[in-house]
Number of protein chains: 2
Amino acid sequence: MPVIRRQAAASSLPQVKDVARLARVSTATVSRVLSGIGGVSENLVLRVRRAAERLNYAPNRAARSLRVRRAQSIGIIVPDIENPFFTSVMCGADGVLQDAGYTMIVANLDENPEREQVHLNTIRGEGVAGVIFTPTIAQAADYRTLQDCGVPLVAVSRRPHNLNVDFVGVTNEDGSKEAVEHLIALGHRRIAFVGGAAKVSSTQDRLAGYRRAMAEAGFDADSDLILFGDLRQSGGYEAMLRILELPQQPTAIFSGTNFTTLGLLRAIHEKGIRIPEEMAMVGFDDMPWAGSLQPPLTSVAQPTNEIGRVAAQLLLARLRDPKRPLEEVTLPTTLIVRASCGATRHLDMVRSRK
Amino acid sequence: MPVIRRQAAASSLPQVKDVARLARVSTATVSRVLSGIGGVSENLVLRVRRAAERLNYAPNRAARSLRVRRAQSIGIIVPDIENPFFTSVMCGADGVLQDAGYTMIVANLDENPEREQVHLNTIRGEGVAGVIFTPTIAQAADYRTLQDCGVPLVAVSRRPHNLNVDFVGVTNEDGSKEAVEHLIALGHRRIAFVGGAAKVSSTQDRLAGYRRAMAEAGFDADSDLILFGDLRQSGGYEAMLRILELPQQPTAIFSGTNFTTLGLLRAIHEKGIRIPEEMAMVGFDDMPWAGSLQPPLTSVAQPTNEIGRVAAQLLLARLRDPKRPLEEVTLPTTLIVRASCGATRHLDMVRSRK
DNA sequence: ATGAAAGCGCTAACAT
DNA sequence: ATGTTAGCGCTTTCAT
């Protein structure tokens, strides 16, 4: 015998069947019109469109996701949502994704790797159509679980280990080399490298650029002068304190990432060290306010918005054609010369410190 | 007669029924255990938990959303995802929401009000459990559509017009007054106010604080000295150019929002004006690098993370109890004195410019 | 070109 | 305390 059920409260939202009734067509036709499949007479298309508009119809995305077994959303996993590099990347991706009708589910790891697993499970449960992420420390297996569900992944900024994914990066090594060569051209010989997280590919590539520049100039890359912080300001701050305790000080510092640079600056200001006279400086990552820093920062700028845009485009391309070959895009960096490197001063002044 | 249907490809994801089978219970029991309703024997709870873990089960959130007619996600609508104020708020909200099992759907208006309507429709379609937003220009009706669907709203930073929602703000007026009084105490009489977007409540409150400080000190608030930019650096930059064309220059500027401050600074640096000697400055909004700016910026700091946290908590509270009275939380600002206001110099030097 | 209806995976009402 | 099963709103197959 049939079970008697309480009727759920009618949704205040219009549904396909409301649109269908108003347009005097079937729900199938409404769906066909609104998803733009085609194969519907012009007449009905018009009626359906009008009805949908009249009712201010917004399709229930959960129902759609359930039916097509894939959500119209993509997950963005960022190590730190407060880092301007990542927000700028997100902003670039957002524009592209929004135009394609995707929503953006943002997972902030907040430099807290335990969160990664939780987030990945949630994202798997969301049935997102794809994921844009920046690899943190150890995870390949977790991301592979997503891949096994057929969710395409695009890595940004850091090259993931043991994971076949599309990738968007920049000329980390050449950009760093150019920056260090610039310092060398200004007369510096003892140049420190302060990287962000030591193990990520971007840091290693930037270190490689530093080493190449030093080697080609015939200078020692004194291992005392190679330090690592993390991705917060504190890492740079502490690195600077360590540098100040060195028996033989560098005359210049190349900083491998934005927050490290800010941390270094903070320590330098606290100690009253003058830039660039006592310490010259170039930092990887430009920031919208880099020109208003004390002093204006010479930096290696990444095309951050473009990185996000390309990442989103790669994802959409793969959604369209899952079989396409893996793609790896490397975008160019730009050395922006401001005052912190000392390029605007006489070389003698820079060198006088030795 | 029954219609023959093509079987959809079996999902590679485990489902409730897989967990149920493995645990030798019904799907209802699995659901009860995993959603923590209670009323299940300890024995079965254990078996279900174990089975779910073994299968690495992640519930299909779309199916759940469809069934309970509400997603486990909340929408965050921000005017500009690249503005550190909003990212910091998002970060605070994220922590709370994540712990409560919600995902965060981020909609970036990118200062583009047309996008707002599109985003609101999408968010309505997502069936989010709630929305945290910062009102932009004109919208009340659009947001009301959401409210009519029973989606609770929390406004952040700017008070929305004609909309009954929970609200998290800061002591804009008192914070600004304190900042301007600080400048007055340093001997300034001609103090300019450069606000962000003129029409939003936060700008107006900050202007009110400026006016009160000036009035109480018995100074004119010369209307020439009250300017507005927008929420990008360019607004501040252009405002500074206008200030420089004034017949009688101010000796100090109080800037109403972070990007405006950076824009002002950029113009000031370009013109080679010395801060604070030729122009003293205090800005609303602290930034993690405010101490590394040129010169270190005296600012009115908002507890940005806390704002986000409180917003999320208000939302969760209302989800628990939709009937609770509307709440309005005002968090305190803090004046952080650094060098840009000239507090570290002699008064005579500041005043000497007149 | 259009419509009827099954079924996506979950939850909760109802039955036991 | 546990199980059975309808149905959330959509898309899509199949039938016409």
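Keep in mind that the numbers below use all heavy atoms, side chains included, and drop hydrogens, waters and symmetry copies. Each chain gets a letter, A, B and so on, in the order the sequences are listed, and its residues count up from 1.
Taking atom CD of residue Gln72(B) and atom P of nucleotide dC10(C), one finds them 14 Å apart after rounding to whole Å. In this structure, Arg24(A) places its CZ atom 13 Å from P of dT2(C), rounding to the nearest Å. Atoms CZ (Arg61(A)) and P (dC10(D)) sit 12 Å apart, rounded to a whole Å. Rounded to an integer number of Å, the gap from Arg69(B) CZ to dA12(C) C1' is 13 Å. Nucleotide dC8(C) holds its P atom 8 Å from the CD atom of Gln15(B), rounded to whole Å. In this structure, CZ of Arg70(B) is placed 16 Å from P of dC8(D), rounded to the nearest angstrom. As rounded to whole Å, 13 Å separates atom C1' of dC8(C) from atom CG of Leu13(B). For the pair Lys17(A) NZ and dG7(D) C1', the computed distance is 10 Å after rounding to whole Å.
Nearest to the side-chain atoms of Arg64(B) among the listed nucleotides dA5(C), dC10(D), dC10(C) stands dC10(C). Proximity note for Arg67(A) (side chain, C-beta onward) versus dC10(D), dG9(C), dT2(C): the nearest is dC10(D). Proximity note for Ala28(B) (side chain, C-beta onward) versus dC10(C), dA12(C), dT2(C): the nearest is dA12(C).
If you check every strand for non-hydrogen atoms under 4.0 Å, Leu44(A) touches sugar and phosphate atoms only. At a threshold of 4.0 angstrom between heavy atoms, the contacts of Arg32(A) include nucleobase atoms, whether or not backbone atoms are also involved.
Qualifying side-chain hydrogen bond (donor to acceptor under 3.5 Å, both in side chains) partners for Asn56(B), counting only residues two or more places apart in sequence or in other chains: Arg124(A).
For the residue pair Glu116(A) and Thr136(A), a side-chain donor N or O sits within less than 3.5 Å of a side-chain acceptor on the partner. No side-chain N or O of Gln72(B) forms a donor-acceptor pair with one of Ser65(B) less than 3.5 Å apart.
Listed pair Ser26(B) / dT2(D) fails the phosphate criterion, with no side-chain N or O lying under 4.0 Å from OP1 or OP2. Contact annotation: Ser41(A) side-chain N/O to dA1(C) OP1/OP2 distance is not under 4.0 Å.
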Using distance only, find each side-chain donor-acceptor pair of residues 42-52 of chain B under 3.5 Å and give its atom names and separation, not counting sequence neighbours.
from     : atom 1 : to       : atom 2 : distance (Å)
Arg47(B) : NE     : Ala23(B) : O      : 3.0
Arg47(B) : NH2    : Ala23(B) : O      : 3.0
Arg47(B) : NH2    : Arg24(B) : O      : 3.1

Per-pair distances, 0.1 Å, donor-acceptor, side chain in residues 145-155 of chain A, under 3.5 Å, sequence neighbours excluded:
from      : atom 1 : to        : atom 2 : distance (Å)
Thr145(A) : OG1    : Ala141(A) : O      : 3.2
Gln147(A) : NE2    : Asn164(A) : O      : 2.9

Show every donor-acceptor pair shorter than 3.5 Å between a side-chain atom in residues 305-312 of chain A and any protein atom, with sequence neighbours excluded, or say none if there are none.
from      : atom 1 : to        : atom 2 : distance (Å)
Asn305(A) : ND2    : Ser88(A)  : OG     : 3.1
Glu306(A) : OE1    : Arg309(A) : NH1    : 2.5

Ignoring hydrogens and angles, write down the donor-acceptor pairs under 3.5 Å from the side chains of residues 317-326 of chain B, residues two or more places apart or on other chains.
from      : atom 1 : to        : atom 2 : distance (Å)
Arg318(B) : NE     : Asp166(B) : OD2    : 2.6
Arg318(B) : NH1    : Pro322(B) : O      : 3.1
Arg318(B) : NH1    : Arg324(B) : O      : 2.9
Arg318(B) : NH2    : Asp166(B) : OD1    : 3.1
Arg318(B) : NH2    : Asp166(B) : OD2    : 3.3
Arg318(B) : NH2    : Arg324(B) : O      : 3.1
Arg318(B) : NH2    : Pro325(B) : O      : 3.2
Asp321(B) : OD1    : Lys323(B) : N      : 3.0
Asp321(B) : OD1    : Arg324(B) : N      : 3.4
Arg324(B) : NH1    : Glu327(B) : OE1    : 3.4
Arg324(B) : NH2    : Glu327(B) : OE1    : 2.8

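A residue-by-residue look at Val68(A) and Thr27(A) shows that Thr27(A) has its nearest nucleotide of DNA chain C further toward the 5' end. Nearest-nucleotide assignment on DNA chain C puts the 5′-proximal partner with Ala62(B), out of Thr29(B) and Ala62(B).
Each end of the helix from dA1(C)-dT16(D) to dT16(C)-dA1(D) gets its own axis from five base pairs, and the two axes differ in direction by 40°, given to 10 degrees.
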